[in-house]
Amino acid sequence: MSHITLIRHGQANTGARDEAEYDRLSELGHQQAVWLGDYLKSCGSHHPRLYSGTLTRHIETAQDMDLGDAVRDERLNELEYFTLSQLLQEQHGVDIPQEREGFISHLPRVFTAWEQDELEGAPERFAAFEARVADALRDIADGSGPALVVTSGGLIAIALRRLLELNMSATARVALAIMNTSMHRLFPIGAHLSPVLFNAVPHLDTPDRQFAQTHF
């Protein structure tokens with residue numbers, strides 16, 4: 001079993017209100033990805049395999065990192081948060097926040113309603129999403145050599161939920177904490193992958209780059 005480093009994509013279009021608008025990197029998102037790639041190259045990081053989801057923000061992040069061609073796997077794609085939020089509003093009267101702070105309470109409500117199958121017409125059931133995440137990571141872990149995986153914050157949170165047996169409230173807090181281009185390492189201990197690194201952004205730690213430590 002090989003270790004895996006999950007990477008959240010660079011900052012996307014923060015002014016978006018639907019999936020299509022959100023799915024592209026901002027100027028800062030491109031720069032974050034370049035800095036991460038430069039950092040990994042400078043420290044001699046050995047990752048012979050690179051994967052990404054098939055969303056534009058995943059592909060752009062992997063390309064900006066400049067570490068080789070990524071294997072694209074749609075199982076690494078993010079949940080459709082905007083779509084789920086619209087269903088929660090239409091079916092349960094929960095308004096979509098207009099300010100960043102509002103998502104602190106909104107995201108757990110979306111996750112909980114989705115997990116409990118309370119959103120009719122959801123593009124994907126929660127159980128199906130969780131299963132495809134597990135399948136993708138299992139297949140990558142079974143490969144030879146360490147792997148980098150460019151994906152999204154929601155997927156990373158669900159992966160950690162499975163490995164740490166987190167409840168939905170804790171899973172939502174993890175998702176909210178994950179920064180753009182942060183690294184999260186899963187290492188084989190015994191017969192299982194275990195988290196050994198969470199939300200690491202060494203490429204953004206210098207004083208002149210701390211402004212780039214973004215969550216949205």
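Computed from heavy atoms alone, side chains included, the values below leave out hydrogens, waters and symmetry copies.
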Q.
Using a 3.5 Å distance criterion without hydrogens, assess whether the side chain of Glu60 forms a donor-acceptor pair with backbone atoms of His30.
A. no
Q: Please tell me if the side chains of Lys41 and Asp66 come closer than 4.5 Å, counting only heavy atoms from C-beta onward.
A: yes
Q: State yes or no: do Ile178 and Leu79 share one hydrophobic cluster built from I, L, V, M, F, W and Y residues joined by side-chain heavy-atom distances below 4.5 Å, directly or via other members?
A: yes
Q. Are His106 and Val94 close enough that some pair of their side-chain heavy atoms sits under 4.5 Å apart?
A. yes
Q: Give a yes-or-no answer on whether the side chains of Thr54 and Asp73 include a donor-acceptor pair shorter than 3.5 Å.
A: no
Q: Indicate yes or no: at least one non-hydrogen side-chain atom of Leu6 is less than 4.5 angstrom from one of Leu137.
A: yes
Q | Residues Gln32 and Thr214: side-chain donor-acceptor under 3.5 angstrom | A | yes
Q: Report the distance from atom CZ of Phe111 to atom CG of Leu176, rounding to the nearest 0.5 Å.
A: 8.0 Å
Q | Step-by-step salt bridge (charged side-chain N to carboxylate O under 4.0 Å, His left out) determination, Arg132 to Glu74 | A | CA-CA 9 Å; Arg132 70 164 161 92; Glu74 65 182 6; over 6 Å; no
Q: Specify whether Phe198 and His184 have parallel, tilted or perpendicular ring planes, treating 30° as the upper limit for parallel and 60° as the lower limit for perpendicular.
A: perpendicular
Q | Partner set under side chain to side chain donor-acceptor pair (under 3.5 Å) for Glu130, not counting sequence neighbours | A | Arg161
**Q.** Side-chain H-bond candidate by donor/acceptor type, Thr5 with Arg185, under 3.5 Å
**A.** yes
Q.
With heavy-atom distances below 4.5 Å as the criterion, would you say the side chains of Leu163 and Leu186 are in contact?
A. yes
Q: Would you list the pairs meeting ring-ring contact (aromatic ring centres under 6.0 Å, His included) in which at least one residue belongs to residues 118-168, sequence neighbours left out?
A: Trp114-Phe126, Trp114-Phe129
Q.
Between Thr61 and Arg57, is there a side-chain donor-acceptor contact under 3.5 Å, judged purely by atom types and distance?
A. no
Q. With the 4.5 Å side-chain cut-off for hydrophobic clustering, are Leu67 and Leu197 part of the same group?
A. yes
Q.
Starting from Leu25, can I reach Val34 by hopping between I/L/V/M/F/W/Y residues whose side chains sit under 4.5 Å apart?
A. no
**Q.** Atom NE2 of His92: over 12 foreign heavy atoms under 6.0 Å
**A.** yes
**Q.** Heavy-atom side-chain contact between Arg49 and Leu148 under 4.5 Å
**A.** no
(Q) With a 4.5 Å cut-off on side-chain heavy atoms, are His3 and His47 touching? (A) yes
**Q.** Any donor-acceptor N/O pair, His9 side chain to Asn180 backbone, under 3.5 Å
**A.** no
Q) With sequence neighbours left out, what residues match Thr206 under side chain to side chain contact (heavy atoms under 4.5 Å, CB included)? A) Asp208, Arg209
(Q) Is it true that, when you exclude Gln210 itself, more than 12 heavy atoms of the residues, nucleotides or ligands shown sit nearer than 6.0 Å to its CD? (A) yes
(Q) What I want to find out is whether Asp117 reaches Arg125 closely enough, with some N-O distance under 4.0 Å, to be called a salt bridge. (A) yes
Q) With a 4.5 Å heavy-atom cut-off, do Tyr51 and Ile4 have their side chains touching? A) no
Q: Check the pair Asp69, Leu50 against side chain to side chain contact (heavy atoms under 4.5 Å, CB included), reporting the backbone distance first and the verdict last.
A: CA-CA 7 Å; Asp69 294 330; Leu50 176 63; over 6 Å; no
Q) With side chains defined as the heavy atoms from C-beta onward, is the minimum distance between Pro146 and Pro48 less than 4.5 Å? A) yes
Q | Candidate pair Leu55 and Ile59, rule side chain to side chain contact (heavy atoms under 4.5 Å, CB included), full reasoning | A | CA-CA 6 Å; Leu55 299 176; Ile59 294 169; over 6 Å; no
